[in-house]
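What you see is a predicted model; the values in this text were computed from it and never measured. No hydrogens, no waters, no symmetry mates; every other heavy atom, side chains included, goes into these values.
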Amino acid sequence: MNTHPAPGSAPRTGRDLDPAPGHSQHPARDPALDFRAFVARLLADGDAVEIGRSVDPHLEVGAVARRAYETGAPAPLFTSLTGAAPGHRVLGAPAGLGDPRSGAAHARLAAHVGLPRDAGPRRIVEHLVAAMHADPVAPVEVATGPCKQNVRTGDDVDLELFPVPLLHQEDGGRYFGTYGFHVVRTPDGSWTSWSVARTMLRDRRTLVGPAMAQQHVGMIREAWRGTGRHTPWAMVLGAPPAALAAAGMPLPAHVDEDGYVGALTGSPVEVVRTETNGLYVPANAEIVLEGYLSSDETAPEGPMGEYHGYAFPDGKEQPVFHVEAVTYRDDPILPVCVAGVPPEENHTIWGTMIAAAALDVLRAAGLPVTLAWCPYEAATCWLAVSVDRARRIELGLHRAGLIRSIADVLFASHAGWLVPKVIVVDDDIDVTDIGQVVWALATRSHPDTGHHTFPQAPGIPMVPYLTPEEVRAARGGKSVTDCLLPDDFRGTIASFRTSYPRELQEHVLENWTDYGYDA
């Protein structure tokens, strides 16, 4: 999947630039491959609403978007922004959940990965896993694209031209990159990483944001530091939605996300060469920033309202990103994620991608796992894993051994590094239903024997409950909760679906409105 030349090398030619068999050189405006088409689809389906009245990027944009998340309202598209140049727009809640009563609560998430708006969690996860096992579809380089409609380089770069919002009153600055991804490549050109991480506006030509050593952007930065050079870098905003989703997928190190986008959508993503540093970015992106990630310069970043649902009083020193060119579409749309109490994109996009990657590694290990899911309400701190009960009994997998195997496999993976708490249930529990997961926790986990901790397992140091020592070591705070039923359990579930004859269930459903209930 290594599809890009090293910086300064000649562009790809011949068969490397050809589309995959059966694919057009210029694929149709698929919403999963074109952010502008994605926004149009949301508006047409009622999953977004255009807000024409003047809205202030200073907190008002964030407040409206947070209210949309918390009420299941459509995504707000702000078209008149105080102080912004005419035509500049902001899209909030691009992957927020819709009204659960609509039958299409996951419509925005489904649209990211090329599925119909009524696709549910199980179908979305299995689609993501299937793409991981499909042949990668390499991107296609094109001479130019919509992202080049406006080009500013050198002293003409001014990030203040864009309506960069202050999203929470607790934030230490305005965040440009909350729903975009970094593009970096190793010095030898063998690995190109697309990865999601935030960036705060520092001044008209610099940003600041995290690049942790365990993150792929941090790994590649270390490789460049070893050569004594800064890291060539780009950031893509208003990316093809499938590319954003792929960038949030915890794929293994040294695997390029760009080929996964093609596998996910069935068509290659079109890319163009950056103006300054030889990287490749999606041709129809809304905004592309180019420059370098400093090997040694840091500056204060944050605080910021974060995906666990908290805002902290202090920021941190983080690496500085220097912007040497910015290219953008006419009337650009800046997407924003207003992080905080679930659900928002850290949970709907990132959490779903983590779940798919976790499911894949568990299945690959031969464990009888039927589904994995990060319940959105748990702020990407829980991974609920369902196990084929009949299969585990048939295989003679004892509970303690199965729990240990799940922990060993999962916590050694990139997906498992991101999620601290794993809940294991039998497959009579729908792990995408938070009510059923809570019921299983309450009734099936023994207080004494049901909880297993793994203090030496590596983990992301951003989890709020970690001790200072665990944060420094980037280890600890990990657990697996056993909610499996005993092998000799003889009870049955008492519910509408299990406690009445099927004929009576159908009769009740057919006559539901006659009883006086809404359909």
Exercise. How are the rings of F35 and F38 set to each other: parallel, tilted or perpendicular (split at 30° and 60°)?
Worked result: tilted

Problem set entry | R66 and E70 ion-paired at < 4.0 Å | yes

Exercise. Regarding Y376 and T352, is there a side-chain donor-to-acceptor distance under 3.5 Å anywhere?
Worked result: yes

Exercise. T380 side chain to G351 main-chain N or O, any donor-acceptor pair under 3.5 Å?
Worked result: no

For this session: Look at atom CZ of R41 and say whether more than 12 heavy atoms of other residues, nucleotides or ligands are closer to it than 6.0 Å.
Result: no

Exercise. Around D514, counting heavy atoms of other residues, nucleotides and ligands shown, do more than 12 lie under 6.0 Å from its CG?
Worked result: yes

N/O donor-acceptor pairs under 3.5 Å from side chains in residues 235-244, not counting sequence neighbours:
none

Exercise. Mind checking whether I460 and W417 have side chains closer than 4.5 Å, heavy atoms only?
Worked result: yes

Exercise. In terms of side-chain geometry, is the basic nitrogen of R392 or D487 positioned less than 4.0 Å from the acidic oxygen of its partner?
Worked result: yes

Exercise. Short question: side chain of H127, backbone of V113 - any donor-acceptor pair under 3.5 Å?
Worked result: yes

Exercise. Does one side chain, of W194 or H182, offer a donor that lies under 3.5 Å from an acceptor on the other?
Worked result: no

Problem set entry | Beyond-backbone contact of F312 with M304, side-chain heavy atoms, under 4.5 angstrom | no

For this session: Could you check if a side-chain atom of E345 sits within less than 4.5 angstrom of a side-chain atom of W350, using non-hydrogen atoms only?
Result: no

Exercise. Got a donor-acceptor contact below 3.5 angstrom from the R391 side chain to the V369 backbone?
Worked result: no

For this session: State plainly whether the residues E306 and R198 are in salt-bridge range, i.e. N to O under 4.0 Å.
Result: yes

Exercise. Taking the six-membered ring for Trp, are Y517 and W512 parallel (under 30°), tilted (30 to 60°) or perpendicular (over 60°)?
Worked result: parallel

Problem set entry | Of V129, T370, L383, V385, the residue whose pairing with L359 passes side chain to side chain contact (heavy atoms under 4.5 Å, CB included) | V129

Exercise. Salt bridge check: are E469 and R472 linked by an N-O gap of less than 4.0 Å?
Worked result: no

For this session: Go through the steps for R36 and E286 under the test side chain to side chain contact (heavy atoms under 4.5 Å, CB included), then give the verdict.
Result: CA-CA 8 Å; R36 194 69 62 98; E286 295 287 323; 2.8 Å; yes

Exercise. Among pairs that include at least one residue of residues 446-464, which meet side-chain hydrogen bond (donor to acceptor under 3.5 Å, both in side chains), considering only residues two or more places apart or in two chains?
Worked result: H451-T481

